[in-house]
Amino acid sequence: MAALILSDAATRFLDHCRIAKRLSANTLRAYEIDLAQFMAHVGASRDVAEIDRDMLRRFARHLFDGRGLKETTVKRRMAALKVMFRWLERDEAIELSPFHRLDLTIRLPRRLPRCLTLDEMRRLLRQTESEATGEGAGHQAILLHFVIVCLFATGLRIGELVGVRQADVDPEARSIAVRGKGDRERKVYLPNQHALTALTRYNAQRARLRSTDDRLLLTDSGTPATAQSIRRALIALADRAAIGRRVTPHMLRHTAATQLIEAGVDIRFVQKLLGHASIATTQIYTQVSDASLRAVLERADTLGRVGGGRG
């Protein structure tokens, strides 16, 4: 078997992900970063056949101790390596992946997703609707109103929404076709007239731009809106709505999922809406719902009201 240096292996793997697997630009960028970190640690010119379990363990230790990275980041970097070496083995570029029988478990701390409270969500919606429907409302305000309504109504990731094209939207069916993680396609739905009105208002504003770009979300200059520009606009909006913390698009996704679970929607439907490959990912929102229930019960304190627990 001919020698294969690590940098060439990484290039071949990324080409496979881009062409054969059709992975998203965000996923490809993450893989590039993760593989670059590994090459910087062990050497880009190293023969991949020389890479063994000890090197992988030392790399993980370097990420934790030397770089001070969090468990989620270390786990992602190791996962990217594992996928690449699995592909190299399958492609017969190496005989056996160094991850074979590697005992390296990275346990993630259990964190409940950060959601907005109902009061915060109401304030955010009122603020953005006021700005979008007021006299002389500009393109940015109308765009942001639709984005927030859509994210909360559908649970979309912001990366998915900025990737939507005009042809993906069916106003009559109130549906949006999206391409999510793993290049999986699904449809989400605008559930009521309020959401449809936000789309109609935005489309009317968009038509005035006379842009030839087919992306749904455009800036006032006619160029595609980016996830980062939406994040910045949302942070500023939350400040104007007097929400005392940083609000992100992903918090709207978490809030959407939590509200659906608390409204009694079957978890399998929520899984499909969010585009989760495994229902285990969706089940964390049932824990959020349980946490909400516990907080409500503690505030009600019915036992305390009748004098229970007094010695």
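The first residue in the sequence is number 1, and the count goes up from there.
- Between the side chains of Thr200 and Thr197, not a single donor N or O lies within less than 3.5 Å of an accepting N or O.
- Separation of atoms CD1 (Ile243) and CE (Met251) is listed at 8.5 Å; rounding is to 0.5 Å.
- Side-chain N or O atoms of Glu131 include none that pairs as donor or acceptor with a backbone N or O of Thr128 at under 3.5 Å.
- Of the possible polar contacts, one joining the Arg123 side chain to the Ala242 backbone as a donor-acceptor pair under 3.5 Å is found.
- Arg29 and Asn26 form a side-chain donor-acceptor contact under 3.5 Å, judged by distance and modelled atom types alone.
- Connection of Val188 to Ile279 is established within a shared hydrophobic cluster, with ILVMFWY side chains joined at heavy-atom distances below 4.5 Å, either directly or through further cluster members.
- Residues Arg58 and Val42 fail the side-chain proximity criterion, which asks for heavy atoms closer than 4.5 Å.
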Exercise. Should Asp213 and Arg215 be marked as a salt bridge (charged side-chain N to carboxylate O under 4.0 Å, His left out) after you check the CA-CA gap, both sets of side-chain angles, and the distance that decides it?
Worked result: CA-CA 6 Å; Asp213 197 291; Arg215 292 292 178 104; 5.0 Å; no
Problem set entry | Derivation of the salt bridge (charged side-chain N to carboxylate O under 4.0 Å, His left out) call for Glu71 and Lys75 | CA-CA 6 Å; Glu71 292 89 343; Lys75 192 176 183 73; over 6 Å; no
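- Nearest heavy-atom pair, Leu4 versus Ala9, reported as atom, atom and distance to 0.1 Å: CD2-CB, 3.7 Å.
- Crowding of Arg165 atom CZ: a count of heavy atoms from other residues, nucleotides or ligands under 6.0 Å exceeding 12.
- The aromatic rings of His16 and Trp87 sit parallel to each other, their planes meeting at less than 30°, with 60° as the upper class boundary.
- By the 4.5 Å heavy-atom criterion applied to side chains, Pro249 and Leu234 are counted as neighbours.
- Proximity of a side-chain donor or acceptor of Thr258 to a complementary backbone N or O of His254 within less than 3.5 Å is detected.
- Annotation: side chain of Leu35 is not in contact with side chain of Arg77 (no heavy-atom distance under 4.5 Å).
- Each of Lys187, Arg179, Arg186 was checked for a salt bridge (Lys or Arg N to Asp or Glu O under 4.0 Å) with Glu160, and the lone residue meeting it is Arg186.
- Between Phe38 and Phe85, the ring planes lie perpendicular to each other; the angle is over 60°, past the 30° to 60° tilted range.
- The closest side-chain heavy-atom distance from Ile5 to Asp47 is not below 4.5 Å.
- Both Leu273 and Phe269 are part of a single hydrophobic cluster, where members link through side-chain heavy atoms under 4.5 Å apart.
- The minimum heavy-atom distance between Met78 and Leu56, with the atom names listed, is CE-O, 3.7 Å.
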